[in-house]
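We name chains A, B, ... by the order of the sequence lines, and we start the count at 1 in each one.
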Amino acid sequence: MSKSLLDVNQYEEIDKILKKHDMNKHNLVGILADVQDLSPEHYITKEQAEYISERLGIFLSNVYDTITFYSALSDKPKGKYVIQVCNGPCCKVMKYEKIKDAIEKELKTGIGEITHDGMFSFEYSSCFGACEISPAIRIGEKIYGNLDEKKVVEIIRNYRGGTWENL
Amino acid sequence: MKTCTLSINNKKVTVEAGTTILEAAKSAGYYIPTLCNHPDQAIKANCRICVVEDKTSGKFVASCSTMVYEGADIHTNTKEVRELQTGILELILANHPNDCLNCIRNESCELRKLCERFHVRNYNLAHETDIYPIDNTSGVLVRDRNKCIKCLRCVEACQEAQMVGVLSPSYRSVNTNISAGFGENYDETLCTFCGQCSAVCPVGAIYEYDETEKVWEALHDPKKHVIVQTAPAVRVGLGEEFGMPRGSKVTGKMVSALKMLGFDKVFDTDFAADLTIMEEGYELLSRIKNGGTLPMITSCSPGWINYAEGFYPELLDHLSTCKSPQQMFGAVAKTYYAKKAGIDPADIFTVSVMPCTAKKFECKRPEMNASGYRDVDVALTTRELARLIKNAGIDFTNLEDEDFDSIMGASTGAAVIFGATGGVMEAALRTVYEVVTGKTLENIEFDEVRGLDGIKEATIDLDGTPVKVAVAHGLANAYKVMEMIKNGQAKDYTFIEIMSCTGGCAGGGGQPVGANKSIKERRIDTIYNIDKEMPIRKSHENPEIKLLYDEFLGEPNGHLSHELLHTHYHQRVKR
């Protein structure tokens, strides 16, 4: 393991998270989610994953399996704000594609990509339970529903302008 | 025994309770198609091709994972079942490259055979294949993820049987694929190159790095003196590639075929196995006498060496410093043989035929050049030798038997059992006993170290001193032994044999595909039968070995031996 890539602070932070989860490999999803939250770019580095696999006594390939299985976890850097468009059945019926196209146009960025200023990344999500207000998107922990093209562009501009917390 | 009577296609069968429908159908004379199912592995039930109709419950169930129950009315060939099975096959094909013509597994592909069986001629699904780069960075194993059908056999081989854990599924749904994670290629991981993944893959998604062309090139080069050595386990596996019964003994035919291919000399790795026993036996005795690191562990299996170097770098002192027979052979061939035959070693090209993929890695190790040249130029697997023979159009099954050439062709029963788990231990004991006690060993068969139990133990009385030994095969068992050593629980062991693959070399990753435990057992039985038939069954009685020490090496574990036949180990790190 290449220790130089992970500074001492990081080890301590990850150890704290592992301790919080009782060093239990069955809590891997929660551990990975917490480790991902350490990063402003919302991702888990290979070095972090290696450290976790070593401490929990599991294969690195299995840690990678878990990271890639859940759309909420990532092994690649993401934008400051992660915009997730639900493509579940209800949102499909309510034509989420229109919302998706509007966001793409506004961000000049496609699904699975990150804006060049690093502000936004844009991806699909499976259903997060906002069916009654579909079509819906999620940005971080906030959910926005009953969207149309105009509303969604307004939301993005608020994030860009730093006034999203007033939304 | 509790039994269960059920009907399969209206035929009554009685089987043991707890049997799967798949197995019950087999006893009723029906082969239900399978892909993810492997007799040595856990039930996975992810390919679904083994679907059958249970008319009692009115459900379609996966027969590999559904147990029989009293009075079940199972149908395997109804219109609906056939349509479902064909549909599943077509869905797999829609995501599978159509390049069977130039696929290495063309003849042995389980998917292709199913297409033939289900008469898949045309289907109207859009053909959408993945585009992943092919990983041939290691020069040992090639990974073509585009052909993967996600059966997960390789994952189980890697994680459960071998506990190396390089391979794992990643992503989900249609994006699922098998990888080492974080985009790592084989050569960047701690892969041991045991090749068990390639031996269980039903299609052409993981296979050996083919080097037959390099051998043809050498054979066609008039300046090169091309010699070949064949490992003990190859002679009991090779026949399978030509439709002969599993575990057939084909030593003589193999030698004939190699001569017909144009090799200048056909030698036997068994000769080098006897040499290994001499060196390793004397090393063990010297460690016992001089307080060296014990237990000493064998070092013949390069998959095991890779594992030890990757996962137990702190315990490398336990490994015997002896090179494997393959490398001893190479080093002796380009020194002793070159001198005796009056050939410039620069013109000698050594090929080895091994039941093993990790041997390719071993012969490419930078330190394996004790002769001043690359000791072994190319290591082929059993499968590649079969390819050479087929390529040359040799009628293998009807060949007459021929004998190995001298002066590196004589061998003993002790050497041939290297091909089975426990064999190196048994061979070593036959020699060590006689060297230590000066008496003739009466009963030379050590049954305690034979067989397919994961870890075997025996205690041998060496003139009043009891010596405890252990044998492990399969890296998951190696792990158990190494943990014992690490925790100080193995102090009463003196000598341990570890082989990377289940069954030892007979079950090696380079052997013909489609093997399972019972097939490996058949190969092993043949190996022990060959041992029985040998006139000489103890390594130190091999006349050519005696000659080698008299004329060249001097004494076992001597100065020249150390230069040519011993090596050192170092920690393997991820790149």
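With a threshold of 4.5 angstrom between heavy atoms, A:Ile67 approaches chain B through side-chain atoms but not through N, CA, C or O. Contacts between B:Val155 and chain A at a heavy-atom distance below 4.5 Å are absent for every atom of the residue. Using a 4.5 Å cut-off between heavy atoms, B:Val573 does not touch chain A at all.
Of the inter-residue distances, the one linking B:Thr176 atom OG1 with A:Phe69 atom CZ reads 8.0 Å to the nearest 0.5 angstrom. To the nearest 0.5 Å, atoms CG (A:Leu60) and NZ (B:Lys574) are separated by 4.5 Å. We find the CG-CG distance between B:Leu167 and A:Asp65 to be 12.0 Å, quoted to the nearest 0.5 Å.
Counting heavy atoms of neighbouring residues, nucleotides and ligands inside a 6.0 Å radius, atom NZ of A:Lys25 does not exceed 12 of them. Residue A:Glu154 qualifies as open at atom CD: its count of foreign heavy atoms under 6.0 Å is 12 or below. Annotation: B:Tyr479, atom OH; neighbour count of heavy atoms from other residues, nucleotides and ligands within 6.0 Å does not exceed 12. The environment of CD in A:Glu132 is crowded: more than 12 heavy-atom neighbours from other residues, nucleotides or ligands sit within 6.0 Å. In B:Tyr312, the OH atom is crowded: over 12 heavy atoms of neighbouring residues, nucleotides or ligands sit closer than 6.0 Å. By the 6.0 Å contact criterion, NE2 on A:His116 is open, its count of non-hydrogen atoms from other residues, nucleotides or ligands being 12 or less.
Here the shortest heavy-atom pairing between B:Gln159 and A:Ser61 reads NE2-OG, 3.8 Å.
A tilted orientation is assigned to the rings of B:Phe182 and A:Tyr64, their planes being inclined by 30° to 60°.
Within residues 117-127 of chain A, no residue has a heavy atom under 4.5 Å from a heavy atom of chain B. Of all residues spanning residues 75-102 of chain A, those with a heavy atom less than 4.5 Å away from chain B's heavy atoms are A:Asp75, A:Lys76, arranged by number.
Between B:Ser168 and A:Asn62, the side chains place a donor N or O and an acceptor N or O closer than 3.5 Å (distance only, hydrogens not considered).
Between chain A and the residues B:Ala180, B:Ser179, B:Pro169, the most heavy-atom pairs under 4.5 angstrom are made by B:Pro169.
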